[in-house]
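Written below as structure tokens is the structure these notes are about.
This structure is a prediction, so every number in the text was calculated from the model and none was measured. Note that these values count all heavy atoms, side chains included, but never hydrogens, waters or copies made by symmetry.
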Amino acid sequence: DVQLVESGGGLVKPGGSLRLSCAGSGFDFSYYSMTWIRQTPGKGLEWVSSITRDSLSINYADSVKGRFTVSRDNARTSLYLQMNGLRGDDTAVYYCTRHAGVRSLTAIMFWGQGTVVTVSS
Amino acid sequence: EIVLTQSPATLSVSPGESATLSCRASQSVTTNLNWFQQKPGQPPRLLIYGTSNRAADIPDRFSGSGSRTEFALIISSLQSEDSAVYFCQQSAAWPLTFGGGTRVEIQ
């Protein structure tokens with residue numbers, strides 16, 4: 001079975017940093033594009049960043065561009081999200097997701113359980 | 001950015017009835033429209049991809065239709081376990097966007 005397990009969330013002060021990790025298993029991690037999505041009660045579901053299997057194509061939402069960096073380590077079957085300059089509106093549940101195939105512009109097929117990031121002083 | 005507008009915001013139906021959920025896109029997404037179901041405390045789960053393709057293990061009570069800017073998720077013979085929030089999402093263009101959701105309540 002496909003499993004995506006996020007970690008690294010927590011409470012951080014405004015301006016601080018966090019690194020989220022996602023461990024994938026049960027599938028050929030190196031084949032698929034991966035995406036981070038976040039969810040808040042107020043703004044709903046918001047796409048954050050996507051990365052293709054070879055890391056050659058990376059996209060970011062305007063709201064995080066310049067502050068967040070997505071990366072992956074196919075040998076470790078892991079996806080990462082380095083978040084710097086955190087703001088209150090970054091507070092959300094962050095989900096690691098897997099796409100249907102190689103391309104990022106495909107359906108999101110699987111979701112992890114999510115990790116909570118809270119930005120507050 | 002492609003804006004997805006879902007209606008109604010809330011739908012209250014009786015068991016055994018059918019429900020039609022709407023998703024309207026601000027510009028054409030051709031057939032790159034997906035539907036997710038989310039229950040409290042759980043991540044979203046893919047129901048339908050590419051407008052009308054059921055994901056693995058999704059019962060055939062769930063079906064999708066539409067094209068370009070108008071899409072629908074039809075749930076027939078509603079069961080109590082279908083109580084959830086349903087989201088549409090487009091994978092046609094960056095940024096990927098989601099609709100605001102329709103809450104389905106089973107009376």
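- Under a hydrophobic-cluster definition in which Ile, Leu, Val, Met, Phe, Trp and Tyr are linked whenever side-chain heavy atoms come within less than 4.5 Å, directly or via other members, A:Phe110 and A:Leu81 are assigned to the same cluster.
- Taking every heavy atom of both residues into account, B:Pro43 and A:Gly112 meet most closely at CB-O, 3.2 Å.
- Heavy-atom minimum distance, B:Gln42 versus A:Tyr95: O-OH, 4.0 Å.
- Contact of B:Ala93 with chain A is made through the backbone alone, with heavy-atom distances under 4.5 Å.
- In the hydrophobic clustering of ILVMFWY residues, with side-chain heavy atoms under 4.5 Å counting as a link, B:Tyr49 and B:Ile58 come out apart.
- Sparse packing is recorded around CZ of B:Arg68, with 12 or fewer heavy atoms of other residues, nucleotides or ligands lying under 6.0 Å away.
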Requested in this report: Decide yes or no on side-chain contact (heavy atoms from CB on, under 4.5 Å) for A:Leu105 and B:Trp94, but give the supporting numbers first.
Outcome: CA-CA 8 Å; A:Leu105 282 177; B:Trp94 302 108; 3.9 Å; yes

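- Heavy atoms of A:Ile37 lying under 4.5 Å from chain B belong exclusively to its side chain.
- Residue B:Arg24 places its CZ atom among 12 or fewer non-hydrogen atoms of other residues, nucleotides or ligands, all under 6.0 Å distant.
- Interface remark: B:Asn32 contributes no atoms to any contact with chain A (heavy atom separation under 4.5 Å).
- Listed options B:Ser91, B:Gly100, B:Ala55, B:Pro44 were ranked by heavy-atom pairs under 4.5 angstrom with chain A; first place goes to B:Pro44.
- Between B:Phe36 and A:Trp111, the two ring planes are perpendicular [angle over 60°; tilted spans 30° to 60°].
- Closest heavy-atom contact between B:Phe98 and A:Glu46: CD1-N, 4.5 Å.
- Contacts between A:Ser104 and chain B at a heavy-atom distance below 4.5 Å involve backbone atoms as well as side-chain atoms.
- B:Tyr86 and B:Leu78 end up in the same hydrophobic cluster when Ile, Leu, Val, Met, Phe, Trp and Tyr side chains are linked at under 4.5 Å.
- Residues A:Val116 and A:Met83 are members of one and the same hydrophobic cluster, defined by side-chain heavy-atom contacts under 4.5 angstrom among Ile, Leu, Val, Met, Phe, Trp and Tyr.
- More than 12 heavy-atom neighbours from other residues, nucleotides or ligands sit within 6.0 angstrom of CZ on A:Arg87.
- Interface check for chain B: of the options A:Gly44, A:Ala100, A:Ser50, A:Ala107, the most heavy-atom pairs under 4.5 Å are formed by A:Ala107.
- Linking Ile, Leu, Val, Met, Phe, Trp and Tyr whenever their side-chain heavy atoms come within less than 4.5 Å puts A:Val70 and A:Leu45 in one cluster.
- Heavy atoms closer than 4.5 Å to chain A are found nowhere in B:Gln90, neither backbone nor side chain.
- Residues B:Phe87 and A:Gln39 form a side-chain contact, since some pair of their non-hydrogen atoms from C-beta on lies under 4.5 Å apart.
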